[in-house]
Amino acid sequence: MTRLTYSKAEIETEHDYAMSHVECGLKLHGGFSEDGLYLSPRTRFRWPAINAWLARLQDSNLAIVDATTALLVEPNYPSIDQQVWLLQQGVEQPLWDSLTITGLIEGRGRALADLSPPDFALIINEDISETALGHLGKGLLTTHGWDEGGNPQSEAGGHDVMWYATRDLLFGKNKFPVPVAPASISREKSSREMPQIGAEYEGVIAFLMNLLMIEVRAERAFDFYERVIDHPEVFADKRQEAQHAVALINRIRQDESVHVAWLKAAISEFRHSTINGLDGAEISGAEILDPVWEKMVHWHAVEIHQANRQNNRAELKAKILAAANGASILAAFEKLEDSVDA
Ligand SMILES: [Fe+2]
Ligand SMILES: [Fe+2]
């Protein structure tokens, strides 16, 4: 029988690595198998556990929430062609800034490790000891936070450090000043949207949904970076470093797939649960969650892009115009506007 219950220590356990993960002189999380395969940090039990929880849902014919980049209907800005064009023209600051901000945001993710979630067993009728939701406080949040921003108990760098290493491989250190990252990338509501449950539970469920959509947006951003950096016509004098950068990005993507998987499991489990509402009545998790999930997807897929569009364009324009020949580079850049990222 597949195991569905794990201790916190197990979820946090590393593989026995044949080789440690070191890049650009930096000790990084995870490691390599005998065969040279990259193994994500703390996944010796975490991956089998998540796969078992997802399989349990599938075996019971319980739908797993749909969360893929196909939800992101607004095109990426700039497009791949536009970003490639800027690099070809020697306009490097936009990609530098973008990679740095990604690292800064990843670093903030470490805060997840310090959350202490309320016990969902207190409001869910069914036994949740064999679910992801039942393991929120048993290693799923700590490992996730450490993946993003490093474990303070270890010297190995997390995703933040991996992005800075990627950037420095491509551009060298300190090429531009460190930009300011946006204050928040979550959909935040001051009023209650799940009044059927206590605010502490709503907070966690909304947080997990935000996190899942942020991971989905990240997946598209990482695909964008990879396609740009892997493009044969950029970084012509450092193709080797560019290949190396792509390898690092792929390791980050492999780590992120763990995050998407457990979040999908936990949110789906809540949907299929019977909740003891605040008013004493039983209510299905789906009834509480679905209307909010719909708003969440729309916010991350559409609203945030529309809200930021003008600002993003103005900022990028200023960076292009700061270059020698900026005006003509910008004119060609804008002509590429209609190209769509396939
Ligand atoms: Fe990450
Ligand atoms: Fe993540």
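Counting convention: from 1, in listed order, for ligands and their atoms alike.
Not a single N, O or S atom of H259, from either the backbone or the side chain, sits less than 2.8 Å from the Fe ion (ligand 1).
Considering the Fe ion (ligand 1) as centre, the angle to OE2 of E256 and to OE1 of E106 is 130° (10° rounding). Rounded to the nearest 10 degrees, the angle OE2 (E215) to the Fe ion (ligand 2) to OE2 (E148) equals 90°.
Classification of the F222-W163 ring pair by plane angle, with boundaries at 30° and 60°, yields tilted. The aromatic rings of Y201 and F120 stand perpendicular to each other, their planes meeting at an angle above 60°, with 30° marking the opposite boundary. Below 30°, between 30° and 60°, or above 60°: for H135 and W53 the angle between ring planes is between 30° and 60°, a tilted geometry.
Of all N/O/S atoms in H159, ND1 sits nearest the Fe ion (ligand 1).
Put simply, the residue from I80, T166, I252, L95 that forms a side chain to side chain contact (heavy atoms under 4.5 Å, CB included) with Y225 is L95.
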